[in-house]
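To start, the structure under review is shown below, and the notes come after it.
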Amino acid sequence: MHLRRLGWPDGRKTTDLIMLDSKLLRSDLESVVEKLKVKNFVFDVDAFRELEEQRKVLQVSTQELQSERNTRSRAIGAAKAGGENIQPLLDEVASLGDKLKSAESELGGLQMKLDELLQGVPNVPHDSVPAGDSEDDNIEVSHWGEPPGFDFEVRDHIDLGEALGGMDFERAARISGSRFVTMTGPLVTLQRALIQFMINQHVQEHGYTEAYAPYLVNEATLFGTGQMPKFKQDLFHIESENHDLYLIPTAEVPVTNFVADSILEAEQLPLKFVAHTPCFRSEAGSYGRDTRGMIRQHQFEKVELVHISKPDDSMAALENLTGHAETILQLLGLAYRKVILCGGDLGFTSTKTYDLEVWLPGQNTYREISSCSNMTDFQARRMKARWRNPETGKPELVHTLNGSGLAIGRTLIAIMENYQQADGSIRIPEPLQPYLHGMTEIRG
RNA sequence: GGAGAGAUGGCUGAGUGGUCGAAAGCGCUCCCCUGCUAAGGGAGUAUACGUUAAUAGCGUAUCGAGGGUUCGAAUCCCUCUCUCUCCGCCA
């Protein structure tokens, strides 16, 4: 994919887009390359240097040709207005057009190559990110609560759900295929209660603005948040005669793009949005993983937190946002640990990510239930999201952050498994009870 | 689905081939004047890239997007996207 050829369906400008700050890349190439190594990314320095060198020369010469054309065209206009014979002047510029055209197309081709190279470069990790290759190298930062002890044989959410009635994977498979679930009855109510509870908590206690956004988005939007072009295979694509859209993999995509192509005033920042949406993921490449149960589904509900912040505030905002997600787990009384992702496990767009992992008795382990990241200016650059810095008076890129607050499906599982009782019934954590017309437990 | 209108700078809104990055008004910033208030006068006020020590100059690009015609395009042609109005349909 290349943006210049995308046509920007939403009418966004198509001037040069470079993913990492190209000035930073040029002036401080070495340190950028070093930092990218933490992410196990090898930047092709030679290819970049060579393309940049060519670009510089070609851009200057092309612009000189354009300048000449403009000057001469102006002269022709003036001569014509003065009633002079313009034919000699026209003859002079005859060859200019072709030269310009070839220079422009050569420059365009070169830009395209450069953009392709740079679009594949991930965001630079923050200095505090530990080195490491995989999730095994993530480091626990803190933990909260104790995994509950049971004096009976623990069941996982699949057994519990089937015994209680209302959770049916086979039925879903008949309707849609693998990695879907149908639910009926109190479990669905519990899921809805979780959504309500979380949103209310974030709006009323954490100062978020509730947001609603499309579940189908265009390619430019996905480019903005970094899913395109590299991670297209993770998405569900809706293509028809009149439509070319993608199902959102997370509310991060449409909500962060709220500020795409805009210049915000300093007083407006930070923006804090909370949104509940379903999320759709193709899960290509994870065929063998978590095939049982609700852990990994093509469709799941999530309450997402998004911050748009001033650059200086974004690292503090990450702590803040992560804390809001943690609060939910604490209020629900679910044991969890907080890990910082190592370089090798860090996402393409992120500079620093905390994962919150909730204790799942059914799996006897901690599993990710929230992922909170600071994307710094990476997404902002791609989506042209800026703010006017009063100190410089100039538009500068904002920082964007997001985190799950929380993944609903997995929270549902966590509650089922952690609050299960010997008879297979499930206690309802007290903060949820008001959302369940006072119900204190679910039983079959 | 049918018919029509439109898209210009922070906003309103001129501009149908030439010196237009774009009139004018509003807003905003700075200055002057004015003993409050009100009013008045002047200057400035898009973004990106390149060059550069420079947020100084200079150059280039951008008037919804992409392409075309032309020495020259906001202006002409084609395609697309979006918005609005009327009719129809519809949660």
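Note on naming: letters A, B, ... go to the chains in the order of the sequence lines (proteins, then strands), and numbering restarts at 1 for each one.
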So does [X] get a side-chain nitrogen or oxygen closer than 4.0 Å to the phosphate oxygens (OP1/OP2) of [N]?
{"X": "A:R388", "N": "B:U47", "value": "yes"}
{"X": "A:S73", "N": "B:G18", "value": "no"}
{"X": "A:R69", "N": "B:G59", "value": "no"}

Along RNA chain B (nearest heavy atom to each residue), the more 5'-positioned of A:G97 and A:N70: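 The residue whose closest nucleotide sits nearer the 5' end is A:N70.
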Residue whose closest nucleotide on RNA chain B lies nearer the 5' end, A:V93 versus A:T71: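 Going by which nucleotide is closer to the 5' end, it is A:T71.
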Spacing between [X] atom [atom1] and [N] atom [atom2], to the nearest angstrom:
{"X": "A:E53", "N": "B:G50", "atom1": "CD", "atom2": "C1'", "result": "14 Å"}
{"X": "A:E267", "N": "B:C28", "atom1": "CD", "atom2": "C1'", "result": "12 Å"}
{"X": "A:K80", "N": "B:G18", "atom1": "NZ", "atom2": "P", "result": "9 Å"}
{"X": "A:L107", "N": "B:C49", "atom1": "CG", "atom2": "C1'", "result": "11 Å"}
{"X": "A:D261", "N": "B:A65", "atom1": "CG", "atom2": "P", "result": "11 Å"}
{"X": "A:D98", "N": "B:U70", "atom1": "CG", "atom2": "P", "result": "11 Å"}
{"X": "A:L118", "N": "B:C49", "atom1": "CG", "atom2": "P", "result": "14 Å"}
{"X": "A:R74", "N": "B:A73", "atom1": "CZ", "atom2": "C1'", "result": "14 Å"}

If you count every heavy atom of other residues, nucleotides or ligands that lies below 6.0 Å from A:R171 atom CZ, does the total exceed 12?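 Open.
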Tell me, yes or no, whether the heavy-atom count around A:E68 atom CD, taken from other residues, nucleotides or ligands under 6.0 Å, exceeds 12.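 Yes, enclosed.
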Work out which heavy atom in A:N123 is nearest to a heavy atom in A:L36; give both atom names and the distance.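 It is O-CD2, 4.0 Å.
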Could you measure between the two [atom1] atoms, the one in [N] and the one in [M], and give it in whole Å?
{"N": "B:A22", "M": "B:G57", "atom1": "P", "result": "15 Å"}
{"N": "B:G66", "M": "B:A14", "atom1": "C1'", "result": "27 Å"}
{"N": "B:G21", "M": "B:U60", "atom1": "C1'", "result": "13 Å"}
{"N": "B:A74", "M": "B:G17", "atom1": "P", "result": "13 Å"}
{"N": "B:G27", "M": "B:A65", "atom1": "C1'", "result": "29 Å"}
{"N": "B:G41", "M": "B:U34", "atom1": "P", "result": "15 Å"}
{"N": "B:C77", "M": "B:A91", "atom1": "C1'", "result": "42 Å"}
{"N": "B:U70", "M": "B:U55", "atom1": "C1'", "result": "38 Å"}

Could you check whether any side-chain heavy atom of A:M416 comes within less than 4.5 Å of a side-chain heavy atom of A:M167, counting everything from C-beta outward?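 Yes, side chains in contact.
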Mind checking A:K101 for me? I need base, sugar-phosphate or nothing, with any heavy atom below 4.0 Å counting as a touch.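 Sugar-phosphate: the residue A:K101, judged by heavy atoms under 4.0 Å, touches backbone atoms but no base.
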A:R55 with A:E52: basic N within carboxylate O range, under 4.0 Å: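 Answer for the salt bridge query: yes.
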Decide, yes or no, whether a salt bridge links A:R174 with A:E170 under the criterion of side-chain N to carboxylate O below 4.0 Å.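 Judged by the 4.0 Å cut-off on N to carboxylate O distance, A:R174 and A:E170 do not form a salt bridge.
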Step by step, would you call A:R179 with A:E283 a salt bridge (charged side-chain N to carboxylate O under 4.0 Å, His left out)? CA-CA 9 Å; A:R179 292 202 193 280; A:E283 294 298 340; 5.6 Å; no
Counting side-chain heavy atoms from C-beta on, which of [options] comes nearest to [X]?
{"X": "A:P395", "options": "B:C71, B:U60, B:A48", "result": "B:A48"}
{"X": "A:V60", "options": "B:U47, B:G50, B:U60", "result": "B:G50"}
{"X": "A:I263", "options": "B:G50, B:G18, B:U47", "result": "B:U47"}

Could you spell out the base pairing of RNA chain B in dot-bracket, with Watson-Crick or G-U pairs whose two distances are under 3.5 Å, [ ] crossing and | to another strand? ((((((((.[[[..)..(.....]]]((((((.......))))))((((((.....)))))).[[[[[..)....]]]]])))))))....
When you measure from the side chain of A:N257 to the backbone of A:V253, do you find a donor-acceptor pair of N or O atoms at a distance under 3.5 Å?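 Confirmed, A:N257 side chain pairs with A:V253 backbone.
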Just verifying a value: how many Å separate A:I413 CD1 and A:I295 CD1, rounded to the nearest 0.5 Å?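 Result: 4.0 Å between the selected atoms.
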What about A:Q59: does its side chain form a donor-acceptor pair under 3.5 Å with the base of B:G50?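 Such a pair does not exist between side chain and base.
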